[in-house]
Amino acid sequence: MTAQNTKTAQTVASNVVPFAEPVKAVRDSRPLRLITCGSVDDGKSTLIGRLLWDTKAVKEDQAATLRRDSGSQNDLGLPDFALLLDGLQAEREQGITIDVAYRYFATDRRSFIVADTPGHEQYTRNMATGASTADLAILLVDARAGLLEQTRRHATIASLMGIKQFVLAVNKIDLVSYDKAIFEKISHDFKELALSLGVRQVTAIPMSALKGENVVYDGRAAMPWYEGPSLVETLELATTRSAQAGGFRLPVQRVSRPGESFRGYQGTVAGGSIKPGDSVTILPSGMVANVSRIVTFDLVRNAAVAGDAVTLVLDRQVDVSRGDMIVSMDGQPMTGLNFDAHLVALQPGGIEPAKRYWLKSGARRQRVTITPTSQLELSSGKWKPHHETLSMNAIGKVHLTFDEVAVFDPYEQNRATGAFIIIDPDTNNTVAGGMVTAKRTDLGGIHRDGQRVLMSLPADLADELMASEAFAARRDEVDLRRISAARAADLFGEIE
Amino acid sequence: MHIHTSEYDPHSKDQVAKPPLDPHLKALENEAIHIFREVAAEFDKPVMLYSIGKDSSVLLHLARKAFFPGRVPFPLLHIDTGWKFAEMIAFRDLMAEKYDLDLVTYTNPRGKSEGVTPFSHGSALYTDIMKTEALRQALDAGGYDAAFGGARRDEEASRAKERIYSFRTPEHRWDPRNQRPELWNIYNGMIRKGESVRAFPLSNWTEVDIWRYIQAENIPLVPLYYAAERPYVERDGMMILAEDPRLELLPGETVQQGMIRFRTLGCFPLTGAIRSTATTLDEVIAELEIATVSERQGRAIDRDQSGSMEKKKREGYF
């Protein structure tokens with residue numbers, strides 16, 4: 001949206017019937033997927049309603065139904081946005097929001113898919129679902145209240161699910177008299193929070209969703225001191241995640257054999273790129289072949305990149321079936337029987353240690369046992385040792401143990417090949433979502449199952465070890481005391 | 001019959017290579033193909049609901065792309081109420097022949113024997129029997145454990161909460177309050193005997209996306225989507241096509257002529273036309289982009305009551 005079609009916010013807000021404005025047809029990027037985090041009290045329904053309304057995603061007959069259902073409008077002449085968003089009868093009757101809903105709107109530059117999740121009950125489960133596909137998170141706060149504990153919770157979950165871009169929407173800025181100092185204090189606090197989570201791309205925007213200021217249209221008339229972008233301008237410039245940088249990954253969904261002469265492996269490229277002639281490895285078997293053709297309906301392609309749904313033809317007869325992964329020779333994913341992961345428990349029964357579940361990742365489904373080691377305390381952001389059942393909405397660090405070789409990338413490096421869901425074989429329900437962090441190398445020797453090793457190290461060597469990533473990832477499993485060399489010698493003497 | 005656009009055939013020499021899709025449509029296409037392949041690989045007996053409309057035409061095109069160079073590996077099911085536009089039926093049969101599809105058609109025998117029509121029984125009961133009940137019967141008869149549909153989340157409020165794999169009980173019930181969580185693009189296809197899944201490859205498409213894709217891919221459509229001089233009667237604020245002899249004029253009604261077209265296609269007595277001069281795809285899209293009413297406005301069955309789509313969906317309607 002540009003300055004030309006900007007009227008003062010008041011005029012626009014009272015413009016009940018959206019004026020028709022042609023939408024340019026060409027979109028030069030894929031849809032940006034985002035999640036909105038916040039509660040009804042922060043004005044979340046109003047914000048989403050405002051986005052849909054000001055981008056003309058709400059049509060006249062839908063608005064008329066809203067007016068008929070609500071029988072009233074707010075004092076700006078707008079329909080009740082909550083009614084627009086609460087799609088189910090039970091929600092309207094009980095005034096609650098159930099589950100994740102998806103909203104669609106577009107500007108002349110880009111289209112957007114919003115995962116709209118309720119901010120109260122079961123927010124961890126629903127937020128994790130919405131965040132799993134999101135490129136960006138909008139965190140909504142009420143300018144009168146500032147950051148709340150829930151802001152930290154939402155930001156923590158969003159970053160855990162791999163979201164690297166945050167927008168802080170400081171809403172209801174009109175109710176604090178458009179006070180610049182209040183906005184700056186909140187955005188400063190938030191940037192510190194984001195940095196502590198490792199998120200560097202943060203944009204803070206003062207706005208009034210109700211009046212439509214700095215959402216789609218700018219709010220310069222009311223807050224001349226703010227010179228940054230509106231929410232929609234920020235979203236238009238946000239980046240979408242891509243897994244094109246790493247090694248080639250094709251989880252095989254299906255083997256296509258329409259006739260004796262053709263055998264192709266169908267799937268969606270989950271990382272990297274490929275061209276005819278490239279050598280590939282089939283995992284977990286480790287067999288090697290060359291790509292002879294990339295087949296699609298349109299043309300025989302000379303390359304395929306992450307995101308493309310393709311059919312690969314290899315130059316020799318190899319045994320490939322659904323669930324295998326075709327990967328580049330260089331930069332292969334991890335294979336093994338033991339992995340570390342973060343897990344979000346999604347169902348009332350929780351995740352039980354020692355129970356055998358199904359794990360699905362890509363097109364591969366296999367048996368797994370889950371051993372919790374710690375649980376995230378959302379109010380403080382700290383991991384606490386935890387070896388029992390992870391109850392619903394809990395976020396835990398776990399060990400995954402497989403019967404057959406599993407193939408993963410770290411989620412940080414590749415969302416598509418690092419993510420998995422857990423299915424309860426008793427109910428067939430999806431009971432957890434997870435993200436692989438590392439492979440565990442259980443080599444026997446000093447790392448035999450269940451055993452701990454007591455070491456006495458020089459302080460500088462211990463510091464170096466503790467600075468390593470491997471140590472940081474499992475910090476909660478370590479007991480540490482600083483003692484003198486003489487005392488250590490005594491202790492070791494006692495043990496023997 | 002006259003089909004507006006010619007099908008792009010990658011193996012025909014007289015075709016000029018068409019320009020690549022823009023990244024937005026390409027992403028939507030990739031996602032849909034991924035879903036098609038996943039369902040075809042995970043379920044024993046999938047079927048694709050084919051309603052002959054524009055969304056179904058896009059769905060069919062994507063299915064053909066997903067399984068190329070093989071043929072579409074599941075049947076297409078058309079629930080024929082007996083009251084579809086004649087041009088739809090002709091188009092359906094043409095597509096089935098042209099693309100070598102397994103077409104299954106089904107009409108509710110009870111509705112047929114009891115003479116259930118949109119005129120005699122009202123739109124709500126008629127839809128219940130001839131569409132929802134018929135669909136349940138047809139799915140049971142075929143023993144299908146997965147059914148593709150062309151529903152989009154932007155169509156209607158209750159659909160915004162629908163999963164891509166939407167779980168159904170053996171009675172075809174949808175429980176919106178107890179849906180399986182759906183994370184990333186990892187779909188849970190595990191079901192017990194008798195249970196089934198409705199799969200929606202077009203979940204993330206909007207109406208504009210559908211039309212732009214039809215344009216970019218040259219997908220053939222039923223000509224009723226394009227404006228032409230057609231006979232109609234005005235009834236209950238809708239313009240009803242007056243071609244079928246079974247349409248009886250009510251007192252005061254007259255058959256008029258005008259340039260009209262349809263934004264959605266269903267049963268002709270329940271589908272309202274719009275006045276339009278858009279005779280080409282470009283003109284249809286131009287008209288759409290300045291439209292201020294939603295496409296479902298022309299559908300009588302959605303207007304019965306607020307929440308009526310949710311009610312129908314819970315009972316097994318798509």
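These figures come from a predicted structure and were not determined experimentally.
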Non-hydrogen atoms of chain A under 4.5 Å away: do they reach the side chain of [X], the backbone, both or neither?
| X | value |
| --- | --- |
| B/Phe67 | both |
| B/Ala66 | backbone |
| B/Pro73 | side chain |
| B/Glu182 | backbone |

**Study point:** Option that, when pairs with chain B are counted at under 4.5 Å, heavy atom only, ranks first among A/Val431, A/Thr133, A/Ile421
**Key:**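 Counting heavy-atom pairs under 4.5 Å, the top option is A/Ile421.
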Exercise for review: Using salt bridge (Lys or Arg N to Asp or Glu O under 4.0 Å) as the criterion, point out the one residue from A/Arg254, A/Arg322, A/Arg364 that pairs with B/Glu38.
Suggested key: A/Arg322
Let me confirm one number: the [atom1]-[atom2] distance from [X] to [Y], rounded to the nearest 0.5 Å.
| X | Y | atom1 | atom2 | answer |
| --- | --- | --- | --- | --- |
| A/Thr427 | B/Met190 | OG1 | CE | 9.0 Å |
| A/Ile113 | B/Arg153 | CD1 | CZ | 8.0 Å |
| B/Asn204 | A/Tyr104 | CG | OH | 3.5 Å |
| A/Ile422 | B/Ile186 | CD1 | CD1 | 9.5 Å |
| B/Asn188 | A/Asn428 | CG | CG | 7.0 Å |
| B/Ile33 | A/Gln266 | CD1 | CD | 9.5 Å |

Review point. Is B/Lys26 salt-bridged to A/Asp308, going by a charged N under 4.0 Å from an acidic O?
Key: no
Exercise for review: Work out which heavy atom in A/Thr129 is nearest to a heavy atom in B/Pro181; give both atom names and the distance.
Suggested key: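 Smallest heavy-atom distance, with atoms named: OG1-CB, 4.0 Å.
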Check your understanding: Which atoms form the tightest heavy-atom contact between A/Val295 and B/Pro69, and what is the distance?
Key -> CG1-CD, 4.4 Å
Revision key, fill the gap. Honestly, the part of A/Arg257 sitting under 4.5 Å from a heavy atom of chain B is neither
Check your understanding: With a 4.5 angstrom heavy-atom cut-off, which part of A/Phe262 approaches chain B: side chain, backbone, both or neither?
Key -> side chain
Exercise for review: With sequence neighbours left out, write down each residue that passes side chain to side chain donor-acceptor pair (under 3.5 Å) with A/Thr268, or none if nothing qualifies.
Suggested key: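 Once residues adjacent in sequence are excluded, the partners of A/Thr268 under the side chain to side chain donor-acceptor pair (under 3.5 Å) criterion are B/His34.
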Practice item. Could you walk me through whether B/Glu42 and A/Gln253 pass the side-chain contact (heavy atoms from CB on, under 4.5 Å) test, one step at a time? Key: CA-CA 9 Å; B/Glu42 278 199 308; A/Gln253 288 184 281; over 6 Å; no
